[in-house]
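Below you'll find the structure, written out as structure tokens, and then a few comments.
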Amino acid sequence: MFSRLEWMIAGRYMRARRKEGAISVITGFSLVGILLGVGTLIVVMSVMNGFRAELIKQIVGAQPHVQVLRVDREGIADYRELADRLKKVSGVKRAAPRLEQTVMGSSASGEGTGVVVRGMLPEDFKSLPGIASPEWSEGDLNDFENGVAVGEGVANRLSLSVGDKMTLITPPNRTTVMGRIPTRKTFEVVYIYRIGYYPFDNTYIFLPLDKAQGLLNKRGEVDDIDVQVEKPDELNLDRADPISLDLRANAGSGMVLWNWKNANGAFISALDAERGAMFVILSLIILVAALNIISGLIMLVKEKGQNIGIMRTFGMTRGSILRVFFICGASIGVIGTILGVIGGMLFVIYIHEIQLFVEWLLGVTLWPKEVRGLTHIPAIMHTKDVLMTAAVSIVLSLLATWYPARRAAKMDPVEALRYE
């Protein structure tokens, strides 16, 4: 499609001489602009992919995929039989009875904070994905039957270590001759965990189910059954997927299902909407760089007007002239895109090292876990995002190149050489 002569002429035009320095500067800015735009877009999309995947991983790892509870929100007394029925459903990995309530926690040092107590059977607690493979832990998981497991954030706020005592105080839940009074019990901290999801590490503590029933005055019953399935992404209660239908049938009448997508749907949708908006916004950087290609090529066409007239006089066609200047502009876009893709991919690959270096250099925390909910910057690069970014960059560059190249091709050789 492009002849050797056209490539040779385009190459000479791109190597600007000293008197054409302004064109060279504009070309350089265009190249750098596309490089930065492509690289930035790849990094931002990768971080948002990682942020979404990490949050879902932590949510799914620590929270139930499906909650089975009574329609009237009363306690479930036959929870063992119900859990056994639900475990038999194809695709279900575990079904765990659970109690949960917000209480006040305090330590021997006198510090206090609100925590969420979750009561579970020891075998169910140990099989939680986020607990079985935590980001960090202290203590022995096998001692859970003898005490309480505490999130790292709770332990830090109350200055707790393994072996310390922790007092839990419930809202008024017992009726006496003096009226309703709270329950107050002290437990030994036997395990401290960090799964990496800050809201969970900073809020939840776990008790063996029998001790939680005594503390919350709910002996012989639980709030719901937590169900973990093999493919949580396929759950969709609104569309009645096969697993949900089987769970409903085995749960029986008077029970309702609530899955992790219902509980976090608005949050996940907001992440997806933000991701799409960021792609469009950051693509404007590439558009600005593409506009620089237009201005640079227009100046090049004006500068090379005499040469265009001579080439046309010697028999070069309009199509050849168009292709020469099209090569000039397209080369800037393609080279900038390639360099941007390489730079963006390298940045994503070494993002954790870059984060640590910048934090050390500036003495600041770039990714505060209290705000972001995660302990590090996550980044997952999808091939689809890289290809889409490269495609947008190249298409915008080619569109920006078309107008000045066409203008050069339509130049009248007589007018170009009139005053020469």
Side-chain angles (χ1 to χ4, degrees), residues 59-103 114-125 127-131 168 170-175 180 182-183 185 199-200 203-232 234-268:
I59 290 171
V60 172
Q63 299 286 358
H65 300 164
V66 180
Q67 290 176 262
V68 180
L69 60 160
R70 287 170 59 103
V71 176
D72 55 12
R73 298 300 193 268
E74 295 294 330
I76 302 174
D78 59 340
Y79 59 87
R80 293 185 183 275
E81 294 82 357
L82 177 58
D84 289 338
R85 292 202 307 270
L86 295 174
K87 289 177 183 177
K88 297 176 182 178
V89 175
S90 176
V92 172
K93 295 194 299 182
R94 59 192 294 274
R98 183 188 71 164
L99 271 177
E100 184 171 298
Q101 186 172 329
T102 301
V103 302
V115 296
V116 177
V117 169
R118 180 174 287 184
M120 302 185 71
L121 293 171
E123 59 271 22
D124 292 330
F125 170 69
S127 64
L128 276 174
I131 299 299
L168 300 177
T170 69
N173 62 2
R174 290 188 298 149
T175 303
R180 292 184 64 80
T183 300
K185 290 191 176 184
F200 197 87
T203 305
Y204 283 86
I205 66 172
F206 289 85
L207 275 175
L209 183 58
D210 57 344
K211 294 181 179 180
Q213 288 172 328
L215 174 69
L216 304 177
N217 195 27
K218 292 185 177 181
R219 296 190 182 278
E221 63 180 34
V222 298
D223 293 332
D224 57 61
I225 307 294
D226 290 353
V227 178
Q228 298 272 348
V229 299
E230 294 177 355
K231 299 179 179 180
E234 295 181 4
L235 288 171
N236 194 325
L237 301 183
D238 296 331
R239 297 181 183 175
D241 58 279
I243 295 180
S244 299
L245 291 175
D246 289 344
L247 287 174
R248 282 196 177 96
N250 283 271
S253 60
M255 308 300 290
V256 65
L257 304 186
W258 182 260
N259 72 358
W260 70 274
K261 291 183 179 180
N262 297 131
N264 303 279
F267 180 64
I268 301 301

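- Within the model, atoms CG of Asp224 and CE of Met255 stand 8.5 Å from one another, a figure rounded to the nearest 0.5 Å.
- With sequence neighbours excluded, the residues that form a salt bridge (Lys or Arg N to Asp or Glu O under 4.0 Å) with Arg70 are Asp72.
- Heavy atoms only, all atoms of each residue included: Asn173 and Leu215 are closest at ND2-O, 3.3 Å.
- Residues Gln101 and Leu168 have side chains not in contact (no heavy-atom distance under 4.5 Å, counting atoms from C-beta outward).
- Interatomic distance, Ile131 CD1 to Asp124 CG, rounded to the nearest 0.5 Å: 12.5 Å.
- In terms of heavy atoms, Ile225 sits closest to Pro97 at CD1-CA, 3.8 Å.
- How far CG of Asp223 is from CD of Glu74: 10.0 Å, rounded to the nearest 0.5 Å.
- Distance check, rounded to the nearest 0.5 Å: CG of Asp226 to CG of Leu128 gives 8.0 Å.
- With rounding to the nearest 0.5 Å, the separation of NZ in Lys218 from OG1 in Thr170 is 10.5 Å.
- Among Val89, Leu86, Val92, the single residue meeting the side chain to side chain contact (heavy atoms under 4.5 Å, CB included) criterion with Asp246 is Val89.
- Other residues, nucleotides and ligands place more than 12 heavy atoms under 6.0 Å from the CZ atom of Arg174.
- Residues Gln67 and Arg98 form a side-chain contact, since some pair of their non-hydrogen atoms from C-beta on lies under 4.5 Å apart.
- Looking at heavy atoms from C-beta onward, Ser127 lies out of side-chain contact with Lys93 at the 4.5 angstrom threshold.
- In this structure, the side chain of Gln213 engages the main chain of Glu221 through a donor-acceptor pair within 3.5 Å.
- With contacts defined as side-chain heavy-atom distances shorter than 4.5 Å, the pair Tyr204/Glu100 qualifies.
- Using a 4.5 Å cut-off on side-chain heavy atoms (C-beta onward), Leu209 and Tyr79 make contact.
- Of the inter-residue distances, the one linking Leu216 atom CG with Leu99 atom CG reads 6.0 Å to the nearest 0.5 angstrom.
- Residues Arg180 and Thr175 form a side-chain contact, since some pair of their non-hydrogen atoms from C-beta on lies under 4.5 Å apart.
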